[in-house]
2 protein chains.
Amino acid sequence: MKVTAKEISKQLGVSIATVDRVLNNRANVSEKMRKRVLEKAEEMGYVPNRMASILSRKVTFHVAVVYKEYPAYFWEQIETGIAQAELELRDYGVTVHRFRLPVEAFTESPERIQEILADDTIDAVAIAALGDAISPYLKASKKPICTFNVDAQNSGRLFYVGCDYYSSGRLAAELVAKLVPAQGKVGVLLGGNHDYQAREKLQGFREGLEEFRLELCKAVRLGESDLPFQPGQQWQKEMAGLDGLYVATAELGNVAEFFSKYPKHQVAALVGHDMNDLIYKHLHTQMIAATITQDPVSQGYLAIKKLFSLMVLEDEDAKQSTITKLEIVMKNNASYYT
Amino acid sequence: MKVTAKEISKQLGVSIATVDRVLNNRANVSEKMRKRVLEKAEEMGYVPNRMASILSRKVTFHVAVVYKEYPAYFWEQIETGIAQAELELRDYGVTVHRFRLPVEAFTESPERIQEILADDTIDAVAIAALGDAISPYLKASKKPICTFNVDAQNSGRLFYVGCDYYSSGRLAAELVAKLVPAQGKVGVLLGGNHDYQAREKLQGFREGLEEFRLELCKAVRLGESDLPFQPGQQWQKEMAGLDGLYVATAELGNVAEFFSKYPKHQVAALVGHDMNDLIYKHLHTQMIAATITQDPVSQGYLAIKKLFSLMVLEDEDAKQSTITKLEIVMKNNASYYT
DNA sequence: TTGAAAGCGCTAACAA
DNA sequence: TTGTTAGCGCTTTCAA
């Protein structure tokens, strides 16, 4: 038999409203009554029905998700997770508003973000905190905010959902170390802007290599002129003679494609991040030895679910940040990541 | 504004019951009315509230989950997923009944399972189809049944949730091939009973090695007398001189522990399945180079969620089997798998 | 401090 | 074929 508040009230001979007040720690109940009800509830094994509760409270919860346009393949995976959460929570009165903004909105001209933060039809915000420029706005806002994918440590955000970039670099080091021929020379290819994530990855990679008694021979930063890749660019000269290469930027697929067109540049162990069609292809050609993913689908999903748990269900556990899994993808498990 | 059935009925000047009948494809509605309502619903962007529906239908859904006792660490991970689904679905009137049975219940004496299948307080069953003995009982039962972790192909089950063991073996081959020194000798250690899963893994491993131009030098079956591991056992003699070893049975941790105690047996690349404290420890000692997990938490979670989606929400998509991810775990991402 | 009653959105008798 | 009504379990006025 299902134990309901009504059933408890009947047994106790009090009104259902009183039972409700006790069960939800509302004011205006005598200490005696509180005890009586609590005891009975315990005895009968009462479990509240969140469905009925939400239905009757007519809750609506509008959450804005703010993230970037590129790399498209990556944010589309995040969007898959967002869609999943949306579907699961739509009965609970949750509406998701997506704001996929150009990168400038996070760096130079944050007006759009300010607007969202000021919009009072929005109950909570999940934002990929790309660029430090927006941090002050996050701090200034009184809205519940969580960060995902990229954290903003001192922005007063509720929690962060995303990976640990230091570990990410460390894992890359382990992979390169294990996949490269003994005593091979290893290098790293970095992106143009050396942001927090890039710094953490590099640091992790360095320390990870030490663990395997390898040292980093070359660290090359890609410049404006290096993209798109063509033969004869500066970075290729610098990378010459390496056996293992860690691509710490979002160019893994393009590097592999380049190597496959101009095989003389090729390295024995090519490792990097994320998954897309090109990376998938070159896991299959064995041009890429392994890639590391950070479970973007979960990141999108959890950011929204946790905001809902915390704000609507008032589950304090949701305040904890969630560090998402780093997964190793090779040729024979690549199909699970597309 | 929220679009409800009531709102539609008001706009159309018909009763809410009629709208309900159309929206749920119930009988006794004129074709004309059906059209009118459907159009209006479309126009207004009606989205049904599953919560209210379930509340009013007073649905209850009792699902039995049937699985094994050992290896304990593995089924406890499955239980984590079950618990997750339970929590998420308890509002929807779902009750989960767990039956963690000794292995004999799946092989020699399936009475307990027959009982569960005959119990008509149970609405659906999720079962790990260990052993062919139970297949006929599954087929005979008219209850909705899904299999998880281990499939029973011709049992008439609705769907399967679990990994592909062939791929699993293939991935193991890729790992051994990439981690073993060039031209190394590789072997495989098999469990006592050569069931479907073991055969698939072995087959996958064989073919996977071919892909890397390696051949399987040794395949050793563990016997009764080989457990627990001690120096001087038959399998150790057979394994002597190998550079790479794939432990296809649930003994990876114990093999590593043995090697660490008696280092002369040690191999350069030790690879196997699953995650537990011992495996975690030896990923850290580098005794184990990598292990492959099959996302047991998701298996438990999805088995129940999908049964619910299919039977209660009548979502036909849930009929599709789900093949769970194979994940590669090494030292630097092991912490995400404990 | 307590209780009565209306209602969230949907469903299921029962009537018409 | 269509409509009326009483709930599902809980919350929220409003009154006592």
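Worth knowing before you read on, the calculation uses all heavy atoms, side chains too, and leaves out hydrogens, waters and symmetry mates. Numbered from 1 within each chain, the chains take letters A, B, ... in sequence-line order.
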Which whole-number value in Å describes the distance from [X] [atom1] to [N] [atom2]?
| X | N | atom1 | atom2 | answer |
| --- | --- | --- | --- | --- |
| N24(A) | dT12(D) | CG | P | 8 Å |
| I16(B) | dA12(C) | CD1 | P | 13 Å |
| M51(A) | dT11(C) | CE | P | 12 Å |
| Y92(A) | dC10(D) | OH | C1' | 14 Å |
| L23(B) | dA12(C) | CG | P | 14 Å |
| K58(A) | dG9(C) | NZ | P | 8 Å |
| K32(B) | dT2(D) | NZ | P | 9 Å |
| D20(B) | dT4(D) | CG | P | 15 Å |

### Message
Both V14(B) and R57(B) contact DNA chain D. Taking the nearest nucleotide for each, which residue is further toward the 5' end?
### Response
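Comparing both residues, the 5'-ward one is V14(B).
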Do any side-chain nitrogens or oxygens of [X] fall under 4.0 Å of OP1 or OP2 in [N]?
| X | N | value |
| --- | --- | --- |
| S15(B) | dG3(D) | yes |
| R50(B) | dC10(C) | no |
| K6(B) | dC8(C) | yes |
| T18(A) | dG3(C) | yes |

### Query
If you take all heavy atoms of K325(A) and E327(A), which pair is closest and at what distance?
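Heavy atoms of K325(A) and E327(A) come nearest at CD-OE2, 3.3 Å.
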At 4.0 Å (heavy atoms only), tell me whether [X] reaches a base, stays on the sugar-phosphate, or touches nothing.
| X | value |
| --- | --- |
| A17(A) | base |
| M33(A) | sugar-phosphate |
| N49(A) | sugar-phosphate |
| N28(A) | base |
| R34(A) | nothing |

### Message
Check this for me: does any side-chain nitrogen of one of K143(A) and D119(A) sit under 4.0 Å from a carboxylate oxygen of the other?
### Response
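Salt bridge between K143(A) and D119(A), a charged N being under 4.0 Å from a carboxylate O: no.
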### Query
Can you find a donor-acceptor N/O pair under 3.5 angstrom joining the side chain of S53(B) to the base of dC10(C)?
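Side chain to base: no pair below 3.5 Å.
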### Message
Between the base of dG3(C) and the side chain of R21(A), is one N or O donor paired with an acceptor at under 3.5 angstrom?
### Response
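Result: at least one qualifying N/O pair found.
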### Message
Counting C-beta onward and ignoring hydrogens, is there a side-chain heavy-atom pair between V29(A) and K35(A) closer than 4.5 Å?
### Response
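Side-chain contact under 4.5 Å: no.
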### Query
Do the side chains of I127(A) and F106(A) get nearer than 4.5 Å, heavy atoms only?
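Counting from C-beta outward, F106(A) and I127(A) do come under 4.5 Å.
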### Query
The side chain of L55(A) lies closest to which of these nucleotides: dC10(C), dA4(C), dC8(C)?
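Looking only at heavy atoms from C-beta outward on L55(A), the closest nucleotide is dC8(C).
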### Query
V3(B) or S30(A): which one's nearest nucleotide on DNA chain C is closer to the 5' end?
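Nearer the 5' end of the strand: S30(A).
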### Query
Strictly by modelled atom types, are Y67(B) and E79(B) linked by a side-chain donor-acceptor pair under 3.5 Å?
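Indeed, the side chains of Y67(B) and E79(B) share at least one donor-acceptor pair under 3.5 Å.
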### Message
Rounded to the nearest 0.5 Å, what separates atom CD1 in I145(A) from atom CG in L138(A)?
### Response
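Atom-to-atom, I145(A):CD1 and L138(A):CG are 5.0 Å apart.
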